[in-house]
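Here's the structure we're looking at; comments come further down.
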2 protein chains.
Amino acid sequence: MSTITLIPVTDVAACCAPLTRETLSPENADGLARSLKALADPTRLRLISIVAASEGKEACACDLTEPVGLSQPTVSHHLKVLVDAGFLTRTQRGTWAYFKLVPGALDAVSRLLISA
Amino acid sequence: MSTITLIPVTDVAACCAPLTRETLSPENADGLARSLKALADPTRLRLISIVAASEGKEACACDLTEPVGLSQPTVSHHLKVLVDAGFLTRTQRGTWAYFKLVPGALDAVSRLLISA
DNA sequence: ACGGGATATTGACATTCGTCGATATAGGCG
DNA sequence: CGCCTATATCGACGAATGTCAATATCCCGT
């Protein structure tokens, strides 16, 4: 399970200036790397993309397995990674699990990479 | 060596709209994931950060080993990953190798993550 | 041409990651 | 209550990753 202290991406972003402005401390580098690692998988990018394109930026897990063409456990795993990293939130509604984009989470990472 | 067709990050960025705008194709997801993977390591982030903070956004490899506290081969490896991904360029000047930030490369990735 | 310093490459190793099948859990419905 | 459907967890496996010591390569000065 590897339960390491989870650092919501919004906190990571609040921490510091864009990495091209001043040199990153080892701690900040580690936090940002963890956020980027969560994004650095084609399946997870597609999941985020599909969720973001859905009504209310929210999608049912049941609608996410088929488009990415992987097994149900694998998709569930990827969704967990994204939730743990703070990019998605999970809500149980009846039998179904809904995943919603966390507003500003992607932007927070984006802001750290920009050179302006 | 794993010589897979290298896709400069600038090309990746030119490809498509922010991933929150419309669903990412498998190919585009793969390209972006590859770029993000290159960034998703604390040491590599620090290397980029140090280079970016240097005069002319360029630094000698000889000045990069000590700050990150890893062996010379390991640093050389990380620099190669960043060059292959299109974030740095390498120039040999005499005995020394200089690494320079590719203008716009980070911004290209940044633009894909933004939700605007 | 030779020696030395800077960098890259190789080979090995432990760790992490992505994936699956099998199974567990949990909630709605008859 | 008992089944069915949706989702999560477990255990296993191969592939990829980060690291180092040892070695090779390349370039300069003598």
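Here is how names work: the chains are called A, B, and so on, in the same order as the sequence lines, proteins then strands, and each is numbered from 1. What you are looking at is a predicted structure, and each value in this text was computed from that prediction instead of being measured.
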Distance, rounded to the nearest Å, where B/Arg90 contributes CZ and D/dC26 contributes C1': 10 Å
Using the side-chain hydrogen bond (donor to acceptor under 3.5 Å, both in side chains) criterion, which residues pair with B/Ser25? Sequence neighbours excluded. B/Glu27, B/Asn28
If every non-hydrogen atom of A/Leu112 is compared with every non-hydrogen atom of A/Leu19, which pair is closest and at what distance? O-CD2, 2.8 Å
Send over the distance from A/Leu79 CG to C/dG18 C1', rounded to a whole Å. 14 Å
Between CG of B/Asp63 and P of C/dA6 the distance, given in whole Å, is 11 Å
Expected output is a numbered-order residue list: members of residues 45-53 of chain A with a heavy atom under 4.0 Å from any atom of DNA chain C. What is it? none
So A/Phe99, base contact, sugar-phosphate only, or nothing? Heavy-atom distance under 4.0 Å. sugar-phosphate
Separation of C/dA6 atom P from B/Lys80 atom NZ, nearest Å, is 22 Å
Between A/Cys60 and A/Lys37, which residue's closest nucleotide on DNA chain D lies nearer the 5′ terminus? A/Cys60
For atom CD of A/Glu66 and atom P of D/dT7, their distance in whole Å: 14 Å
Within the 4.0 Å limit for protein heavy atoms, which parts of nucleotides 19-30 of chain C are touched? Write it as a string from 5' to 3', B for base, S for sugar-phosphate only, - for none. BBBB----SS--
When you check the side-chain N and O atoms of A/Thr23 and B/Ser49, is any donor under 3.5 Å from an acceptor? no
Could you identify which residues cluster with A/Trp96, counting Ile, Leu, Val, Met, Phe, Trp and Tyr as linked when any side-chain heavy atoms lie under 4.5 Å apart, either directly or through a chain of such contacts? A/Tyr98
Which one, C/dT7, C/dA8, C/dG18, comes nearest to the side chain of B/Cys62? C/dT7
Without decimals, in angstroms, what is the distance between B/Asp30 CG and D/dA16 P? 12 Å
Side chain to side chain contact (heavy atoms under 4.5 Å, CB included) for B/Leu32 and A/Leu39? Distances and angles first, verdict last. CA-CA 9 Å; B/Leu32 179 52; A/Leu39 294 177; over 6 Å; no
Share the residues that join A/Val81 in a hydrophobic cluster, the rule being Ile, Leu, Val, Met, Phe, Trp or Tyr side chains under 4.5 Å apart at the heavy-atom level. none
Pair B/Phe99-B/Leu47, side chain to side chain contact (heavy atoms under 4.5 Å, CB included): steps then yes or no: CA-CA 10 Å; B/Phe99 291 86; B/Leu47 288 171; over 6 Å; no
Donor-acceptor contacts, no H, no angles, side chain residues 59-68 of chain B, under 3.5 Å, sequence neighbours left out:
none

When rounded to the nearest 0.5 angstrom, what is the spacing between OG1 in B/Thr43 and CG in B/Leu70? 5.0 Å
